[in-house]
Amino acid sequence: MRQQLQLLKMPPAKQRRVGAILARKVRTYSRKRLREQKGLDGKAWEKRKKKSRKKMLRGLSKKMRSKGVELGGEVFFADGKTAEIAHQHQYGEPEEWTSQKAEKVYGQPDYGAPATRYQARALKKEGYKVRLPGGRKKKPTMRWITENLSLGQAGLILRTLRNDPRLNRWVIELPERNFLGVTEREVSELASKIFDETSGRVKGA
């Protein structure tokens, strides 16, 4: 409380200077969590459903900005789209996609290309079967699906099996992958920063 009172007594310019130092420190903490792929609780983030060695949210760190404001500091992102992505992952909010959005992000799909393993797994989960000579039906293997169905065919069959009227719209559930903010230990470090600044000993971040 004594430190807070000291901060309140500062002139606005000095308050912003202290805020800038604190905001840079929070940004440093947040970037460290992005590198380590860990949340505020110190636990590793839930991994992608698709196996990949690439780190998640790789582009956010470079676009993270900070600045001092009166009585505090702000950590923000360079553009609205990056901020939206960060918000969705920070709180685990579902993301709605449309075929138009997917085409804009990934380009026009090649519907004549072989079906993907993701589609094959989804078809098997939905109980997809093929008709054999004699009329008997059998669940095909994932290899059979990827070798005998095209991307477009697999997508159409999958939508039919799901009886999904939203042919061009779907929702992706995102797990919570928080990284912005501070822990109790970090709060203590920041409090020391404030005390040092109010005592005139801090030269920079």
Side-chain angles (χ1 to χ4, degrees), residues 1-98 100-102 104-106 170-205:
M1 184 176 292
R2 180 165 59 87
Q3 293 171 350
Q4 292 173 342
L5 289 173
Q6 287 177 305
L7 180 61
L8 289 171
K9 292 178 182 178
M10 290 180 184
K14 195 168 185 179
Q15 289 177 356
R16 286 192 293 272
R17 180 167 175 259
V18 174
I21 292 171
L22 298 180
R24 287 198 294 272
K25 192 64 177 175
V26 172
R27 183 182 63 180
T28 298
Y29 291 142
S30 300
R31 283 177 168 173
K32 184 174 184 289
R33 279 188 278 272
L34 283 171
R35 288 195 305 271
E36 295 177 347
Q37 305 280 278
K38 293 181 179 180
L40 287 160
D41 58 2
K43 296 179 180 178
W45 292 337
E46 181 178 328
K47 297 187 180 298
R48 296 185 181 96
K49 291 184 178 179
K50 294 182 180 179
K51 291 184 179 180
S52 175
R53 294 184 178 180
K54 293 182 179 179
K55 286 190 174 183
M56 295 173 280
L57 307 182
R58 289 174 299 158
L60 298 189
S61 185
K62 290 182 179 179
K63 294 186 177 182
M64 201 182 297
R65 305 287 186 267
S66 65
K67 68 178 181 180
V69 296
E70 196 169 328
L71 295 179
E74 292 181 358
V75 177
F76 58 99
F77 292 91
D79 60 85
K81 183 59 181 177
T82 303
E84 180 183 351
I85 293 171
H87 180 86
Q88 288 173 330
H89 284 271
Q90 177 81 5
Y91 298 103
E93 294 184 347
E95 183 178 8
E96 186 174 278
W97 282 75
T98 63
Q100 292 81 6
K101 179 179 177 179
K104 184 178 180 179
V105 174
Y106 300 109
W170 62 96
V171 173
I172 297 177
E173 298 293 335
L174 293 176
E176 184 178 298
R177 297 187 179 110
N178 59 53
F179 59 94
L180 286 170
V182 288
T183 65
E184 290 186 10
R185 178 185 60 79
E186 292 164 351
V187 168
S188 297
E189 291 182 9
L190 293 176
S192 297
K193 283 280 186 183
I194 294 175
F195 180 77
D196 290 341
E197 176 61 23
T198 56
S199 301
R201 294 198 292 268
V202 170
K203 301 298 183 182

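Values reported hereafter were calculated over all heavy atoms of this structure, with side chains retained and with hydrogens, waters and symmetry mates removed. The residues of the chain are indexed from 1 along the displayed sequence. Everything numeric in this text was worked out from a predicted model, so none of it was measured.
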Taking the side chain as C-beta and beyond, is there a heavy-atom pair between F77 and I85 under 4.5 Å?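 Answer no - side chains too far apart.
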
[X] [atom1] to [Y] [atom2] distance, which is reported to the nearest 0.5 Å:
X: E96; Y: Q88; atom1: CD; atom2: CD; value: 10.5 Å
X: T82; Y: M64; atom1: OG1; atom2: CE; value: 10.5 Å
X: F179; Y: R31; atom1: CZ; atom2: CZ; value: 11.0 Å

Which of these passes side chain to side chain contact (heavy atoms under 4.5 Å, CB included) with H89: E176, E84, R177, E95?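 Exactly one candidate clears the test, R177.
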
Passing candidate, side chain to side chain contact (heavy atoms under 4.5 Å, CB included) with Y29, options V182, L34, T183, L180: V182

Minimum heavy-atom distance [X]-[Y], with the two atoms named:
X: Q90; Y: N178; result: OE1-CA, 3.3 Å
X: G181; Y: R33; result: O-NH2, 2.6 Å
X: E74; Y: A23; result: O-CB, 3.6 Å
X: E46; Y: M56; result: O-CE, 3.7 Å

What salt bridge (Lys or Arg N to Asp or Glu O under 4.0 Å) pairs are there with at least one residue in residues 53-66, not counting sequence neighbours?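 Salt bridge (Lys or Arg N to Asp or Glu O under 4.0 Å) check on residues 53-66 returns K63-D79.
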
Sub-3.5 Å donor-acceptor pair from the side chain of W45 to the main-chain atoms of E36, do we have one? no

Is it true that E186 and K32 have a side-chain N and a carboxylate O under 4.0 angstrom from each other?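 Not counted as a salt bridge, because no side-chain N and carboxylate O are separated by less than 4.0 Å.
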
The criterion is side chain to side chain donor-acceptor pair (under 3.5 Å); which residues satisfy it with S66, sequence neighbours excluded?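 S66: no side chain to side chain donor-acceptor pair (under 3.5 Å) contacts found.
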
Could you list the residues that satisfy ring-ring contact (aromatic ring centres under 6.0 Å, His included) with F76, not counting sequence neighbours? none

